[in-house]
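Each remark here refers to the structure printed beneath this line.
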Amino acid sequence: IKKHRITTKKRKIKNSDFNQRTTHPTTNHNKRLKTKIISNKSLIFEFDNSIPSWAITSGDYFFKKFSFEYGHHAASLNDGVPYFGKMLYLREENISHPVPVIIQNVVDCIQLDLLPKIDPTSKFVGLQRISVNGQTSSQTPLPHLDTDTDPSLWTAIYYVNDSSGDTVFYNSISDLTEIYRTTFKQGKIVIFPACFCHQALAPIDGFRITVGITFEWHTDLFKKLKS
């Protein structure tokens, strides 16, 4: 990791953070992708040891006191499978709440360390969404996409606490054939195209906490996406 902010303060995401543009992408968000993307496991990247142990422990402690809200949904507001969560940042709706230091550090790690390792010639454009998700052993959100309009959006999942519940990737939203899964491990970061169909399985017991970070990233890896 190239830098850390050792501070106890929270701060709000600003448009100038992370070299983010002050305008939204030119993608027409009123149009669906013309073709359905087929998930490709070679575009799912796992990083186990990118966040230092002190930051993982600090984040775990913070989220034990976090104020979750009940009634979040993965697929749609009426999908019938609510779980716990909180939206901290959503670009299109101008939602911007104070971001905990651990999430700031994770975003820095993704932008400054992990993405250049995946594609050194790529460009991180800006954040689209940050959400905190919490699941009990009875809560398995439905398979879903994080976008079906913008192929330049990617998602990172950060596994916050010592829990369980794999993240399962499917062939597509219309073909729920499993193609890959990542095992829950505290401190792990998983990065993949936001248009890949995926599902967060419930933990065996306890409370499963993750942070979902969706961002615009310009990379030639997009050429590997197939419909």
Side-chain angles (χ1 to χ4, degrees), residues 1 37-53 55-57 59-60 63 72-75 81 83-85 102-103 105-111 113-119 122 128-148 151 153-173 175-215 217 219 221-222 224-226:
I1 298 175
I37 298 299
I38 303 300
S39 299
N40 181 343
K41 62 182 180 182
S42 71
L43 294 179
I44 302 170
F45 304 93
E46 301 186 59
F47 299 91
D48 283 340
N49 302 304
S50 296
I51 303 298
S53 59
I56 294 172
T57 301
D60 190 0
F63 280 107
H72 283 240
H73 298 263
V81 189
Y83 59 98
F84 294 92
I102 179 58
I103 296 180
N105 286 333
V106 170
V107 171
D108 285 346
C109 176
I110 292 168
Q111 180 191 352
D113 184 26
L114 303 186
L115 297 183
K117 288 178 179 177
I118 297 172
D119 181 0
S122 64
Q128 187 265 340
R129 176 179 63 93
I130 300 175
S131 64
V132 181
N133 308 298
Q135 297 167 243
T136 67
S137 59
S138 63
Q139 296 173 333
T140 295
L142 294 179
H144 64 280
L145 315 175
D146 290 338
T147 182
D148 61 358
L153 292 179
W154 288 64
T155 290
I157 299 173
Y158 174 67
Y159 296 131
V160 172
N161 60 336
D162 185 11
S163 186
S164 59
D166 293 350
T167 301
V168 180
F169 294 86
Y170 300 104
N171 201 38
S172 69
I173 195 66
D175 177 9
L176 298 181
T177 301
E178 180 180 332
I179 64 149
Y180 192 78
R181 68 169 57 206
T182 63
T183 301
F184 193 106
K185 179 182 177 183
Q186 186 178 28
K188 178 189 284 187
I189 298 173
V190 183
I191 298 174
F192 56 93
C195 56
F196 279 12
C197 182
H198 59 286
Q199 181 180 32
L201 301 186
I204 297 173
D205 54 29
F207 196 57
R208 179 188 193 272
I209 304 175
T210 62
V211 177
I213 301 166
T214 300
F215 52 92
W217 185 42
T219 170
L221 292 176
F222 172 74
K224 291 187 178 182
L225 294 178
K226 296 180 180 181

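Predicted model only: the values in this text are computed from it and were never measured.
Contact detail for N40 and S42: the closest heavy-atom pair is OD1-OG, 2.7 Å. Here the shortest heavy-atom pairing between Q135 and L201 reads NE2-O, 3.5 Å. N133 and G212 get closest at one heavy-atom pair: ND2-N, 4.0 Å. Between A74 and H144, the shortest heavy-atom contact is CB-ND1, 3.4 Å. Smallest separation of non-hydrogen atoms from A75 and P143: CB-O, 4.2 Å. Between V81 and T140, the shortest heavy-atom distance links the atoms CG1-O, 3.2 Å.
At least one side-chain heavy atom of I157 sits less than 4.5 Å from a side-chain heavy atom of T167. Under the 4.5 Å side-chain criterion, counting only non-hydrogen atoms from C-beta, I56 is in contact with Y158. The shortest side-chain heavy-atom distance between S172 and C197 does not fall under the 4.5 Å cut-off. Contact of the L153 side chain with the D146 side chain is not registered, since no non-hydrogen atoms from C-beta on lie closer than 4.5 Å. Contact check for L114 versus F45: no side-chain heavy atoms found under the 4.5 Å cut-off. Between Y159 and V190 the shortest side-chain heavy-atom distance falls below 4.5 Å. Side chains of I189 and I51 form a contact here, defined as non-hydrogen atoms less than 4.5 Å apart. Two residues are said to be in side-chain contact when any heavy atoms from C-beta on lie closer than 4.5 Å; R208 and Y83 fail this criterion.
Counting non-hydrogen atoms of neighbouring residues, nucleotides and ligands closer than 6.0 angstrom, the CD1 atom of I204 reaches no more than 12 such neighbours.
Between F84 atom CZ and I209 atom CD1 the span is 11.0 Å, to the nearest 0.5 Å. In this structure, the separation between CZ on R181 and CZ on F169 is 11.0 Å, given to the nearest 0.5 Å. Between the CZ atom in F207 and the CG atom in D162 there is a gap of 14.5 Å [rounded to 0.5 Å]. How far CD of Q199 is from CD of E178: 9.5 Å, rounded to the nearest 0.5 Å. A distance of 7.0 Å separates CD1 in I110 from CG in L115, rounded to the nearest 0.5 Å.
Using modelled atom types, no side-chain atom of Q128 and backbone atom of F215 make a donor-acceptor pair closer than 3.5 Å. Between the side chain of K188 and the backbone N or O of T183 there is at least one donor-acceptor pair closer than 3.5 Å. When atom types are taken as modelled, the side chain of D166 and the backbone of V168 share no donor-acceptor pair closer than 3.5 angstrom. Proximity of a side-chain donor or acceptor of S39 to a complementary backbone N or O of F196 within less than 3.5 Å is not detected.
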message = Is there a side chain to side chain contact (heavy atoms under 4.5 Å, CB included) between I103 and F63? Walk through the geometry before answering.
response = CA-CA 11 Å; I103 296 180; F63 280 107; 3.9 Å; yes
request  = Kindly indicate, with the supporting measurements, whether the criterion side chain to side chain contact (heavy atoms under 4.5 Å, CB included) is fulfilled by C195 and T147.
outcome  = CA-CA 5 Å; C195 56; T147 182; 4.3 Å; yes
key: Step-by-step side chain to side chain contact (heavy atoms under 4.5 Å, CB included) determination, V106 to V211   = CA-CA 9 Å; V106 170; V211 177; over 6 Å; no
task = Carefully, step by step, assess I118 and W217 under the rule side chain to side chain contact (heavy atoms under 4.5 Å, CB included).
result = CA-CA 12 Å; I118 297 172; W217 185 42; 3.7 Å; yes
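Residues satisfying the side-chain contact (heavy atoms from CB on, under 4.5 Å) test with S138, not counting sequence neighbours, are T136.
In summary, the side chains of S163 and N161 do not present any donor paired with an acceptor at a separation below 3.5 Å, with no hydrogens or angles considered.
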